Amino acid sequence: MIFLITGAAGFLGTALANALAREGHQVRGLDDLSAGNPDGLSPAVHFVRGDVNDRPRLWSLLQGVDVVYHLAARVSVQESILYPREYNAVNVGGTVSLMEAMRDVGIRRVVLASSGAVYGEQQVQPLHEEMRPRPRSPYAVSKLAAEHYICTIGDLWGIESAILRIFNAYGPRQNLPPTHPPVVPHFLRQTLKGGSLVVHGDGRQTRDYVYVDDVVRALVAAATAPNLNGQVINVGSGRETSVRDLAAAVAQATGLTPDVIYSPRASAGVARMRADLTRARALLGYAPRVDLVDGLRLTLKRDPRFSR
Ligand code: NAD
């Protein structure tokens, strides 16, 4: 098959592109490199630097493509609070540009990497796809808007769409920006440096951490699974881990014992997150395989930034 992946030089995009190329598929990747780095891509992946809003570029990249994976996005919740216009332009505008270009070229299927962040604060766990989303940041709003655009434009023009709501993915090569880095690689780096781990709030807030290889398996399945049109599907580990327990898992995986400092005034975000995986199991045959400590060990082993 022939695939186009937007955001291909990012954390999830690179893992997905390399997995599809390993399976012998033809893979094209687009990324503006605002956050990504193409060095991790297999030479078998045809990489083009460009903006997802650049429709002429999309028209040529889309020729002959069977399935598009749309991953290009700005991905920081905190940054989105400061720059909502930018998040709207890239995450929403970029999605609309891509859908228009797909319509023009006659593409048949698109898979969107959406986010568990769209659920926001909910009274009931685990989170299932029929719950009313309560986005709490411009980032979450932008992902929810992208979901609606993908389904609506897809329906209008006969483009099959599948929405994967990915929870807290982690693994090798995850982007580690200087401000507001994702918690898993940040905790690993701090621990290896002998630094302390600063936990926001009381550390009892939970998240559903899912290893990148599990996410890639779900994404790959979404390219060919039947009966996906318009479906929203959670992709997580199905387990709830508090930030306190994450710090303990990092200690176990590294064999080190970092100091943990609590910052009670810092916002801890939503109280709980755990993905209900019933639909992912039924529609994608998905079952997470990698538990947290093993995933952290794999991350340490496979990411040169953590070599000791
Ligand atoms: P990432 O930042 O590593 O990847 C996103 C990529 O998109 C980057 O390489 C960036 O350069 C590229 N990009 C940004 N703006 C672009 C533009 N205008 N044109 C072309 N490329 C552009 O992040 P990631 O963690 O790999 O996330 C990939 C996708 O998965 C995103 O859509 C994100 O919202 C979604 N997602 C990720 C997670 C997670 O935990 N990693 C969870 C839920 C959803």
Side-chain angles (χ1 to χ4, degrees), residues 1 3-8 10-17 19-20 27-31 36 51-53 55 58 61-62 65-75 77 80 87-103 105 107-119 127 129 133 135 138-169 210 212 214-225 227-236 275 279-280 283-284 286:
M1 290 173 75
F3 294 96
L4 172 66
I5 303 174
T6 71
F11 162 51
L12 295 178
T14 298
L16 173 64
L20 291 169
V27 185
R28 300 174 193 162
L30 174 74
D31 198 298
D51 192 311
V52 76
N53 272 303
R55 285 192 306 134
L58 288 170
L61 279 171
L62 284 168
V65 163
D66 297 299
V67 176
V68 172
Y69 284 103
H70 182 35
L71 276 63
R74 305 295 297 257
V75 301
V77 168
S80 79
Y87 274 67
N88 189 63
V90 176
N91 297 6
V92 185
T95 301
V96 177
S97 300
L98 176 67
M99 290 305 286
E100 261 193 51
M102 287 179 53
R103 171 202 65 190
V105 175
I107 301 296
R108 302 264 53 94
R109 186 180 278 210
V110 60
V111 179
L112 171 70
S114 184
S115 170
V118 303
Y119 289 107
L127 300 163
E129 295 87 345
Y139 168 71
V141 172
S142 74
K143 298 308 285 190
L144 186 59
E147 290 187 2
H148 285 298
Y149 269 119
I150 292 254
C151 289
T152 305
I153 299 176
D155 271 355
L156 289 168
W157 296 96
I159 305 166
E160 273 189 281
S161 58
I163 313 289
L164 268 49
R165 282 190 186 154
I166 301 165
F167 281 63
N168 283 61
V210 56
V212 58
D214 283 327
V215 177
V216 166
R217 273 187 279 275
L219 287 164
V220 170
T224 52
N227 309 318
L228 284 194
N229 191 24
Q231 296 278 1
V232 175
I233 308 169
N234 287 340
V235 176
R279 196 178 281 181
L283 293 176
L284 302 176
Y286 171 76

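Everything numeric in this text was worked out from a predicted model, so none of it was measured.
Residues Ile166 and Ala113 come closest through the heavy atom pair CD1-CB, 3.9 Å. Taking both residues in full, the closest heavy atoms of Tyr139 and Val75 are given as CE1-CA, 3.8 Å, listed atom of the first, atom of the second, then distance. Listed here is the closest heavy atom pair of Asn53 and Gly93: OD1-O, 3.2 Å. Residues Gly7 and Ala72 come closest through the heavy atom pair N-CB, 3.5 Å. Looking at every heavy atom in both residues, Ala146 comes nearest to Asn91 through CB-O, 3.8 Å. In terms of heavy atoms, Ile159 sits closest to Asn229 at O-OD1, 4.1 Å.
One distance of note links OG of Ser142 with OH of Tyr149; it measures 12.5 Å at 0.5 Å rounding. A distance of 10.0 Å separates CG in Leu58 from CD1 in Ile107, rounded to the nearest 0.5 Å. With values rounded to the nearest 0.5 angstrom, Asn168 atom CG is found 7.5 Å from Ser115 atom OG. Rounded to the nearest 0.5 angstrom, Asp66 CG and Arg108 CZ are separated by 11.0 Å. In this structure, the separation between CZ on Arg55 and CG on Leu61 is 14.5 Å, given to the nearest 0.5 Å. Distance check: Ile150 CD1 to Met102 CE gives 7.0 Å after rounding to the nearest 0.5 Å.
Within the 4.5 Å cutoff, no side-chain heavy atoms of Leu16 are placed close to those of Phe3. Taking the side chain as every heavy atom from C-beta outward, Leu144 and Arg165 approach each other to under 4.5 Å. Side-chain contact between Thr224 and Arg109 is absent, with no heavy atoms from C-beta onward closer than 4.5 Å. At least one side-chain heavy atom of Ile163 sits less than 4.5 Å from a side-chain heavy atom of Cys151.
Take Glu129 and apply the side-chain hydrogen bond (donor to acceptor under 3.5 Å, both in side chains) test, not counting sequence neighbours, and it matches no residue. In this view, Ala225 and Leu228, Leu284 satisfy the side chain to side chain contact (heavy atoms under 4.5 Å, CB included) rule, not counting sequence neighbours. Remark: Thr95 engages His70 in a side-chain hydrogen bond (donor to acceptor under 3.5 Å, both in side chains) (not counting sequence neighbours).
Under the 3.5 Å distance criterion, the side-chain polar atoms of Arg103 are left unmatched by any main-chain donor or acceptor of Trp157. In this structure, Ser114 contributes its side chain and Leu164 its backbone to no donor-acceptor pair below 3.5 Å. Formation of a donor-acceptor pair under 3.5 Å by the Thr6 side chain with backbone atoms of Gly29 is not found in this model. Between the Tyr286 side chain and the Gly236 main chain, a donor and an acceptor come within less than 3.5 Å of each other.
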Check your understanding: Going through the distances and angles, do Arg279 and Val232 end up as a side-chain contact (heavy atoms from CB on, under 4.5 Å)?
Key -> CA-CA 9 Å; Arg279 196 178 281 181; Val232 175; 4.3 Å; yes
Exercise for review: Go through the steps for Val65 and Val105 under the test side-chain contact (heavy atoms from CB on, under 4.5 Å), then give the verdict.
Suggested key: CA-CA 9 Å; Val65 163; Val105 175; over 6 Å; no
Review point. side-chain contact (heavy atoms from CB on, under 4.5 Å) between Asn234 and Tyr119: does it pass, once the steps are laid out?
Key: CA-CA 11 Å; Asn234 287 340; Tyr119 289 107; 2.7 Å; yes
Practice item. Decide yes or no on side-chain contact (heavy atoms from CB on, under 4.5 Å) for Val212 and Leu12, but give the supporting numbers first. Key: CA-CA 7 Å; Val212 58; Leu12 295 178; 3.9 Å; yes
